[in-house]
Amino acid sequence: MSKFGLESAGLRLLRNVYWSLNAPRLYEEALKRGEGVVVQHGALAVHTGKFTARAAEDKYFVKESSTADHIWWGQQNRPISIEKFDGLHARLSAYLQGRDVFVQDCIAGAGDVQFKVRVITECAWQSLFARNMLAPCSDEAAESFIPDFTVIAAPHFFADPRIDGTRSETAIAINFASRLALICGTSYAGEIKKTVFTVMNYLLPFQEILPMHCSANRGPEGDVAIFFGLSGTGKTTLSADPKRDIIGDDEHGWSSDSTFNFENGCYAKVIRLSPQNEPDIYRATERFGTILENVVYDPETRAVNFDDASLTENTRASYPIEFIDHSIKERFARSTPKNVILLTCDAQGVLPPIARLNPEQSLYHFISGYTSKIAGTELGLGKEPQMTFSACFGAPFMVHPPYRYAQMLKERLERDRAQCWLINTGWVGGPYGVGHRISIGYTRALLDAALTGQLADVAYNKDPVFGFEIPQSCPNVPSEILNPAQSWPDSAAYRKAADALASKYIENFKRYAAQCPIDLTAIAPKRLAQ
């Protein structure tokens with residue numbers, strides 16, 4: 001237990017404070033409080049009620065002198081005054097008086113970059129989540145632990161828009177001056193990890209470290225690959241490769257000489273999870289210590305049903321990264337990425353299964369962050385995929401303007417001579433409803449060929465719309481699916497769809513053109529209709 005108490009976070013007159021409980025004790029507390037049940041094979045299953053995904057538009061930053069000129073203000077980075085934040089904090093502190101809280105003193109980052117985070121939660125299972133996702137502080141360091149940032153998560157306390165100036169009763173409010181974050185009115189545990197990620201996204205660029213919404217793994221030759229992509233594009237699945245050691249599945253940093261994981265665990269999307277396609281993740285869901293979030297189970301047998309999306313499409317599993325075979329215990333590699341993968345789920349069926357990008361194209365596609373949102377990953381989505389552009393493949397978590405992150409990526413691609421690839425895990429042969437989603441087997445074959453250098457010497461075609469290069473062949477992949485212009489049965493329909501997507505890219509990029517000190521017009525897609 002740290003000598004640096006909770007008074008520093010404004011918490012007083014609490015009933016019981018449970019410090020750094022391990023998984024067995026947190027299981028006991030969660031079960032005693034009716035927060036979840038133990039299902040077959042030992043995982044803890046919980047339901048998060050109304051919120052089964054992120055509240056993307058309910059994030060706030062205190063706007064003051066140190067942040068006013070740095071934060072990318074807008075719909076997903078809303079300003080809040082110090083007075084409103086302090087009022088929300090005071091009411092939250094009053095709410096917690098006389099209640100139990102759980103504390104985990106943790107480390108975000110790895111290797112040479114480590115950031116002390118204290119997570120205070122109202123629920124025992126969320127304390128286990130924090131312990132899974134961040135590295136628990138060692139017993140030796142616990143007594144002298146002083147947090148660099150504190151996160152308080154109270155899902156049963158609600159903001160009041162009339163008093164707090166918030167959009168709703170849910171609020172994720174961050175104050176960099178006081179190094180404090182508040183999560184109110186949502187039980188979705190992903191808000192905890194994404195709040196820590198958001199904090200790191202703001203602080204690390206000041207240290208010339210690129211924070212990234214990506215997964216990462218390392219090959220047998222020591223080569224690192226990173227995978228950018230929104231939820232549902234395959235970041236977790238594709239990085240869990242039995243032929244490569246996993247560094248992490250979601251959040252990383254790229255320093256001058258290393259690639260490191262911010263987290264200690266994985267938060268995998270598990271809807272329709274199968275032991276055939278995702279054996280490593282499947283095995284992890286059957287371990288004691290894993291949290292299954294909003295996964296449906298039989299109340300009598302406690303057998304789970306990963307195919308049941310009646311609660312949400314966004315079912316999740318949280319588990320320590322060590323539950324994955326071939327994971328790197330240290331959570332970092334003393335080398336920088338050799339291959340950078342931009343993952344997109346293109347429901348229009350226009351983009352090829354794989355394309356090779358130069359650094360300028362990489363910057364453009366990174367800022368654009370095009371994909372299709374899959375049902376369940378965010379509140380308000382319907383059953384059909386929705387086209388979206390999310391800057392840096394993670395706009396809700398980007399705190400600085402997108403060009404700052406994109407330029408840092410381009411500089412590192414050039415400095416470290418890394419190759420960037422665009423991989424489409426979405427539809428081929430036509431759009432959603434006409435074509436079909438590319439098989440994960442083909443995607444893995446394409447990825448394997450890129451990472452092992454098998455695509456280095458094959459012939460390429462230049463795409464007339466997007467300008468990137470498309471390989472004419474790849475081992476274990478039918479050549480007819482590589483070029484979408486040839487895989488569509490109706491070439492005129494393809495040209496119309498490609499032109500429409502190009503126009504969406506161009507229109508979207510107008511939002512960022514003023515921020516970019518260089519002319520990116522030559523990199524933009526070319527309209528076929530012109």
Side-chain angles (χ1 to χ4, degrees), residues 16 18-53 99-104 106 119-136 153-156 186-193 236 240 249 263-275 278-325 327 376:
N16 295 305
Y18 297 92
W19 288 86
S20 300
L21 297 189
N22 60 20
R25 294 189 63 190
L26 287 169
Y27 261 64
E28 291 172 357
E29 292 295 334
L31 296 175
K32 182 171 67 176
R33 297 159 195 268
E35 295 176 1
V37 302
V38 178
V39 293
Q40 276 188 357
H41 308 297
L44 179 68
V46 299
H47 292 166
T48 61
K50 174 183 176 182
F51 288 88
T52 59
R99 299 177 187 270
D100 296 345
V101 298
F102 298 84
V103 183
Q104 294 289 339
C106 305
V119 182
I120 304 167
T121 62
E122 184 181 5
C123 300
W125 79 266
Q126 289 195 331
S127 190
L128 177 60
F129 178 89
R131 191 177 181 89
N132 279 352
M133 302 311 300
L134 298 170
H156 304 305
T186 172
S187 294
Y188 181 64
E191 299 288 12
I192 296 174
K193 75 186 285 318
T236 298
D249 82 324
E263 300 181 311
N264 186 57
C266 299
Y267 191 46
K269 196 165 186 282
V270 293
I271 191 67
R272 290 175 285 279
L273 184 74
S274 74
E278 296 137 324
D280 290 334
I281 300 172
Y282 194 91
R283 285 192 295 270
T285 66
E286 297 183 331
R287 297 281 296 272
F288 178 88
T290 292
I291 299 170
L292 297 180
E293 196 177 55
N294 298 313
V295 174
V296 175
Y297 58 87
D298 186 295
E300 295 299 324
T301 66
R302 300 295 170 89
V304 301
N305 182 358
F306 289 118
D307 294 328
D308 191 329
S310 59
L311 292 176
T312 178
E313 283 274 339
N314 193 34
T315 55
R316 294 276 178 171
S318 163
Y319 47 85
I321 195 171
E322 65 192 42
F323 284 9
I324 295 292
D325 293 340
S327 63

Lys/Arg N to Asp/Glu carboxylate O, R272 vs E278, below 4.0 Å:
no
Enumerate the salt bridge (Lys or Arg N to Asp or Glu O under 4.0 Å) contacts for residues 292-308, please, sequence neighbours excluded, ordered by first and then second residue.
none
Please, which pairs that meet salt bridge (Lys or Arg N to Asp or Glu O under 4.0 Å) have at least one residue in residues 26-47, sequence neighbours excluded?
E29-K32, E29-R33, R33-D100
Sequence neighbours excluded, the answer for side-chain contact (heavy atoms from CB on, under 4.5 Å) partners of P24 is N22, F288
N132 (side chain) donor-acceptor with T290 (main chain) under 3.5 angstrom:
no
Inter- and intrachain pairs under ring pair (Phe, Tyr, Trp, His ring centres under 6.0 Å), touching residues 30-49, at least two apart:
H47-Y297
Under the side-chain contact (heavy atoms from CB on, under 4.5 Å) test, which residues partner E322, sequence neighbours left out?
P320
Minimal non-hydrogen separation, N305 against V295, with atom names:
O-CG1, 4.4 Å
For a quick test of reading the model, state the closest non-hydrogen atom pair linking G36 to L44 and the distance between them.
C-CD1, 4.2 Å
The criterion is side-chain contact (heavy atoms from CB on, under 4.5 Å); which residues satisfy it with T121, sequence neighbours excluded?
F102, V119, Q126, S127, A153, I192
Taking all atoms of both residues into account, what is the closest heavy-atom pair of S187 and P155, and its distance?
OG-CB, 3.3 Å
So T285 and V304, side chain to side chain contact (heavy atoms under 4.5 Å, CB included) or not? Walk me through it.
CA-CA 10 Å; T285 66; V304 301; over 6 Å; no
Does F306 have any ring-ring contact (aromatic ring centres under 6.0 Å, His included) partners at least two apart in sequence or in another chain, and if so, which?
Y282
Return the set of residues passing salt bridge (Lys or Arg N to Asp or Glu O under 4.0 Å) with E263 (not counting sequence neighbours), or none when no residue passes.
K193
If we check side-chain hydrogen bond (donor to acceptor under 3.5 Å, both in side chains) with Y188, which of these qualifies: T48, N314, T52?
N314
Could you give the distance from OH (Y18) to CD1 (I120), rounded to the nearest 0.5 Å?
15.5 Å
Spell out, as yes or no, whether a donor-acceptor pair under 3.5 Å connects the side chain of S327 to the backbone of I321.
yes
Could you list the residues that satisfy ring-ring contact (aromatic ring centres under 6.0 Å, His included) with Y319, not counting sequence neighbours?
none
For P136, what residues pass the side-chain contact (heavy atoms from CB on, under 4.5 Å) criterion, not counting sequence neighbours?
R131, N264
For residues 280-290, the salt bridge (Lys or Arg N to Asp or Glu O under 4.0 Å) pairs (sequence neighbours left out) are D280-R283, R283-D325
Run the side chain to side chain contact (heavy atoms under 4.5 Å, CB included) check on H156 and C123 step by step: do they pass?
CA-CA 9 Å; H156 304 305; C123 300; 4.1 Å; yes
For the student: nearest non-hydrogen atoms of G289 and L128, plus distance:
O-CD2, 4.1 Å
Ignoring hydrogens, what is the shortest heavy-atom contact between A124 and L26? Give both atom names and the distance.
O-CD2, 3.7 Å
Partner set under side-chain hydrogen bond (donor to acceptor under 3.5 Å, both in side chains) for T236, not counting sequence neighbours
D249
